Amino acid sequence: MKLPSAARYIWAVLLFIFTVWILLLSFPKKQHQLSITHEFGIGFDLSPSYATVAVSYPNGSIQSIARVEGNQSYREMMLRLSLLSSQHLHQPYQDVGEAIRDSARRTVRNTRKELGLPSSRDVGILSNMINDLRDQASISVGEPISAAAISIPHLVALYGEDLHDAFEYLSLVYLEFFPFSNFRPIHASIAAYAGNGLGLCEDYRDIATCEEEELHIPPQFALSVSYTHTSLTTSQAHISNAYYLEETPTLEDLRLGYDSRHEESYWEAVRDALQYPVVNSPVRRNISMVLLFGDTTERPRFREVLEQVIDPVLGRDLDIIDQQPEFSAAIGTAELAKRAIFRQLKESNTATEL
Ligand SMILES: *[C@@H]1O[C@H](CO)[C@@H](O)[C@H](O)[C@H]1NC(C)=O
Ligand SMILES: *[C@@H]1O[C@H](CO)[C@@H](O)[C@H](O)[C@H]1NC(C)=O
Ligand SMILES: *[C@@H]1O[C@H](CO)[C@@H](O)[C@H](O)[C@H]1NC(C)=O
């Protein structure tokens, strides 16, 4: 049987595309060896409509550097990633079955990487933002930035994998903090906690004493609240040192920011959101602090509503932890970055001495 020539032609083209694709995937990846070239730590924090960057120097000086506004595509992406319907399989996997079911998506991502593209459209949007933050940091410190850490809000479909790929696309070293769970991102709650000077040892240069000290920081429960012009996110956070965080229950509402305050029943909705993690906790926890961050946490009306929640719902006066609320997460992330760089450089020096 003879195929009509048009069909043969299509087959030839498909075969050609397939061959090129296989070849692309099989080429060894250009692994330009990235290295860390500085001792200061750079921290990025992404919030739903803007992002911030800060630096922590080895001499102890910590500075906020810049705020970058997210444009429309950034905001739409964050809103979409806050929705349950946007969840998908992602790394790290729970089991082999997940890895197999996710292989088609991974192949698409890898193909895009091979072609020199961001691995997905979202990774492209994240890369744009991270690149702007890096440029601001580089201008401020007066040298190129080779490594950084990043914190994010706990949106249900914003995964560490995407951050990882964005850093890779930008040839930036992605600093990891959780050695046994790759791709686990730093959430803004723990970053803001560290940014308020909590959960960290006094002298990070003395690694053994530092670890011992951080091991003995007593765990406690916090009501974590991030409030911005566009969003309100809350969680009940179990925290101790700045490398540990369990957040549950959590609530993220990317439409309940301060800019919506003229809508009907707005403040009732804010009150409900603030008490959501406490009311919905399966076990009643002894919450001992309120961790507040974001660019509109200082608005008087918001503070009033927060007080109304704290008194009856949490039952007593609590510490409100809210230094530099717009920048605290970036500051904490910068401090964590500096400490991670110190450990990595020390480890690689010890390795070369051996
Ligand atoms: C620490 O170092 C940075 C960068 O070199 C400098 O800008 C800052 O003034 C220094 N701070 C102190 C307290 O020495
Ligand atoms: C958002 O900014 C990026 C660059 O940072 C740009 O490529 C993109 O087109 C912008 N999107 C919109 C909708 O303005
Ligand atoms: C709750 O926590 C605070 C501070 O951690 C502590 O002082 C208080 O005794 C605790 N209350 C209960 C009932 O456990």
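Computed from a predicted structure; not experimentally measured. When reading the values below, keep in mind they use all heavy atoms of this one structure, side chains included, and skip hydrogens, waters and symmetry mates. Counting starts at 1 for both ligands and their atoms, in listed order.
- Counting non-hydrogen atoms of neighbouring residues, nucleotides and ligands closer than 6.0 angstrom, the CD atom of Gln87 exceeds 12 such neighbours.
- Here the shortest heavy-atom distance to atom 1 (C) of ligand 1, taken over Asn59, Ile62, Val141, Val55, belongs to Asn59.
- Checked options Ile321, Thr297, Asn196, Leu223; the residue passing with Leu292 is Thr297 (criterion: side-chain contact (heavy atoms from CB on, under 4.5 Å)).
- Nearest to atom 7 (O) of ligand 1 among the protein's heavy atoms is Gln63 NE2, 3.9 Å.
- If you number the atoms of ligand 1 from 1 as listed, the ones under 4.0 Å from a heavy atom of Ser61 come out as 1 (C), 11 (N).
- Using a distance-only test at 3.5 Å, with no hydrogens or angles considered, no donor-acceptor pair links the side chain of Ser138 to the main chain of Arg134.
- For the residue pair Ser61 / Gln63, a side-chain donor-acceptor distance below 3.5 Å is found, with atom types taken as modelled.
- Put simply, atom 11 (N) of ligand 1 has protein non-hydrogen atoms near it, under 4.0 Å away.
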